[in-house]
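FYI, side chains are in, hydrogens and waters are out, and symmetry mates aren't considered; it's all heavy atoms of this structure. Worth saying up front: this structure is predicted, and the values here are computed from it rather than measured.
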There are 2 protein chains.
Amino acid sequence: MKLSLKVEYALRVLAQLGRYHGSTKLAHIEDLAEAEEVPSNYLVQILNELRNGGVINSRRGKQGGYALAKEPEGISLFDVMMVIDPGLFSNSPSRAGQSGPLVAESLNKIGAAFEARAKEISIRDLMPRDAGPMYYI
Amino acid sequence: MKLSLKVEYALRVLAQLGRYHGSTKLAHIEDLAEAEEVPSNYLVQILNELRNGGVINSRRGKQGGYALAKEPEGISLFDVMMVIDPGLFSNSPSRAGQSGPLVAESLNKIGAAFEARAKEISIRDLMPRDAGPMYYI
DNA sequence: GCCAAAGTTAGGTAACTCACTCAACTTTGG
DNA sequence: CCAAAGTTGAGTGAGTTACCTAACTTTGGC
């Protein structure tokens with residue numbers, strides 16, 4: 001499936017915001033841009049869309065910055081894609097032509113598999129995994 | 001997932017070629033274009049790529065035309081997409097940035113689900129279903 | 001052996017999208 | 001009040017998409 005760079009950028013930055021989660025510090029655009037190697041001029045747009053989509057919160061002025069709006073496990077990759085690249089899921093295939101309906105049906109099945117998987121993965125899954133409980137003999 | 005019109009056109013036309021399958025008649029571009037509502041000028045290109053990709057066979061000259069190269073159940077939607085829109089499966093996400101690797105891994109999982117489903121559906125599934133065997137009491 | 005019917009090939013293009021850039025503006029804390 | 005931050009809107013070069021056009025080649029039938 002063809003994914004835009006924009007979606008990748010958004011996910012990387014959200015993963016980075018996930019690392020800030022729990023602390024009271026807010027993340028700054030420049031820091032996010034540097035840590036995740038995203039052009040900061042472009043990141044401005046992406047963060048705006050994520051905020052308008054309710055995925056992140058922001059604060060202006062000095063001491064300003066960004067933070068996740070919910071727990072990392074409460075934000076799925078599907079949620080992010082819907083905000084950043086809505087056309088990914090909304091464009092249903094045409095039913096034109098004699099075979100249009102059956103083709104559309106099959107393509108929708110493939111799209112459903114894509115969508116289902118995207119809903120199963122959360123921002124938490126993009127964050128470095130804490131070492132699990134260790135058992136010593 | 002974002003699919004090109006080109007892929008839809010290709011699938012509709014292949015479904016139509018599926019209807020010809022079994023008979024000795026070859027399908028003509030103009031007939032395919034009309035039945036599936038695909039611009040014939042564009043269809044020329046698509047049929048060429050399908051032929052170069054080994055999905056269909058063609059014959060030139062009078063009595064010329066197109067036919068599926070294999071049984072309809074032997075051609076998956078994945079096969080068709082690989083020929084018509086190879087970038088759909090080949091472009092792997094970047095691993096740049098601190099979260100690049102984990103993001104790439106997750107996106108690859110979603111891509112794998114997409115790919116797996118596309119391999120499960122064949123041109124046969126795009127053809128009108130024959131009435132099954134009927135049992136009379 | 002022509003010629004008409006078919007597929008083959010190459011090239012062009014208008015409109016659109018993507019991945020940015022730039023500049024002006026607003027808010028906030030010290 | 002001013003500097004540090006986010007906000008907003010507009011612009012743009014390169015590339016892609018979905019076509020169109022025209023010249024070419026092959027084949028079968030008369």
Side-chain angles (χ1 to χ4, degrees), chain A residues 2-13 17 20 24-34 36-53 55-69 81 84-88 90-91 93-94 96-97, chain B residues 2-13 17 20 24-34 36-53 55-69 81 84-88 90-91 93-94 96-97:
Chain A
K2 214 175 320 184
L3 281 184
S4 59
L5 258 184
K6 200 176 181 181
V7 166
E8 286 187 39
Y9 287 162
L11 292 176
R12 296 221 298 266
V13 165
L17 284 175
Y20 282 73
T24 58
K25 285 189 303 184
L26 295 181
H28 299 157
I29 290 186
E30 287 305 329
D31 297 339
L32 293 171
E34 191 177 353
E36 298 297 345
E37 296 181 27
V38 176
S40 62
N41 282 333
Y42 195 24
L43 183 53
V44 165
Q45 278 182 36
I46 295 172
L47 288 170
N48 240 277
E49 293 178 29
L50 289 173
R51 185 175 48 81
N52 292 333
V55 178
I56 60 177
N57 292 324
S58 65
R59 197 161 60 172
R60 288 178 150 203
K62 259 181 164 169
Q63 268 28 353
Y66 297 92
L68 294 181
M81 291 174 182
I84 293 298
D85 200 347
L88 258 185
S90 67
N91 63 350
S94 153
Chain B
K2 214 174 319 182
L3 282 184
S4 60
L5 257 184
K6 200 177 184 182
V7 165
E8 286 188 40
Y9 288 161
L11 292 175
R12 296 222 298 267
V13 165
L17 284 176
Y20 282 74
T24 59
K25 285 189 303 183
L26 294 180
H28 300 159
I29 289 186
E30 287 305 327
D31 297 340
L32 293 170
E34 191 175 353
E36 297 297 346
E37 297 181 28
V38 176
S40 63
N41 282 332
Y42 195 23
L43 184 52
V44 165
Q45 279 183 35
I46 295 172
L47 288 170
N48 240 277
E49 294 179 28
L50 289 173
R51 185 175 47 80
N52 291 333
V55 178
I56 61 177
N57 292 324
S58 66
R59 196 160 62 172
R60 288 179 151 202
K62 258 181 164 169
Q63 269 28 353
Y66 297 92
L68 293 182
M81 291 175 183
I84 293 298
D85 199 348
L88 258 184
S90 66
N91 64 351
S94 153

What I'd like to find out is whether the side chain of Asp85(A) reaches to under 4.5 Å of the side chain of Lys2(B), using heavy atoms alone. yes
Of the candidates dT8(C), dA18(D), dC19(D), the side chain of Ser58(B) sits closest to dT8(C)
Opposite nucleotide pairing with dC19(D), Watson-Crick or G-U, both atom distances under 3.5 Å: dG12(C)
Nearest to the side chain of Lys62(B), which nucleotide is it out of dC19(D), dT27(D), dA5(D)? dT27(D)
Sub-4.5 Å side-chain heavy-atom contact between Leu3(A) and Leu88(A): yes
Between Asn48(B) and dT9(C), is there a side-chain N or O to OP1/OP2 distance below 4.0 Å? yes
Within this structure, what is the CZ-to-C1' distance between Arg59(B) and dA5(C), rounded to whole angstrom? 13 Å
I need the CG-C1' distance between Asn52(A) and dG9(D), as an integer number of Å. 13 Å
In terms of side-chain heavy atoms of Tyr66(A), which of dT8(C), dT7(D), dC20(C) is nearest? dT7(D)
Starting the side chain at C-beta, find the nucleotide from dC22(C), dT7(D), dT9(C) nearest to Asn41(A). dC22(C)
Correct closest heavy-atom pair for Leu50(A) and Ala10(A) would be CD1-CB, 4.4 Å
Rounded to the Å, how far apart are Leu3(B) CG and dA18(D) P? 11 Å
What's the closest nucleotide to the side chain of Tyr9(B) if the choices are dA19(C), dT7(D), dC19(D)? dC19(D)
Can you check the Leu43(B) CG to dC20(D) P distance for me, whole Å? 11 Å
If you check the Leu5(A) side chain, which of dC20(C), dC19(D), dT8(C) turns out closest? dC20(C)
From CG of Leu50(A) across to P of dT8(D) the rounded distance in Å is 14 Å
Checking dT9(C), dG6(D), dT8(D) against the side chain of Val44(A) (C-beta onward), the nearest is dT8(D)
Would you kindly give the NZ-to-C1' distance between Lys2(B) and dT16(D), to the nearest whole Å? 12 Å
Quick check for you: among dT7(D), dT21(C), dT21(D), whose closest atom lies nearest to any side-chain atom of Arg51(A)? dT7(D)
Whole angstroms only, please: what is the CD-C1' distance between Gln45(B) and dG7(C)? 14 Å
Taking the side chain of Gln63(A) as its heavy atoms from C-beta onward, which of dA19(C), dG29(C), dA18(D) lies nearest to it? dG29(C)
Ranking dT7(D), dT21(D), dC20(C) by distance to the side chain of Arg60(A), first place goes to dT7(D)
Heavy-atom side-chain contact between Val13(B) and Ile46(B) under 4.5 Å: no
If you assign each of Gly61(B) and Tyr42(B) to its closest nucleotide in DNA chain D, which residue comes earlier from the 5' end? Tyr42(B)
Starting at CD1 of Ile29(B) and ending at C1' of dC20(D), how long is that distance when rounded to a whole Å? 14 Å
If pairing means Watson-Crick or G-U wobble with both distances under 3.5 Å, then the partner of dA14(D) is dT17(C)
Could you tell me if the side chain of Leu68(A) sits less than 4.5 Å from the side chain of Tyr20(A), heavy atoms only? no
Is the shortest heavy-atom distance from the side chain of Ser94(B) to the side chain of Arg12(A) under 4.5 Å? yes
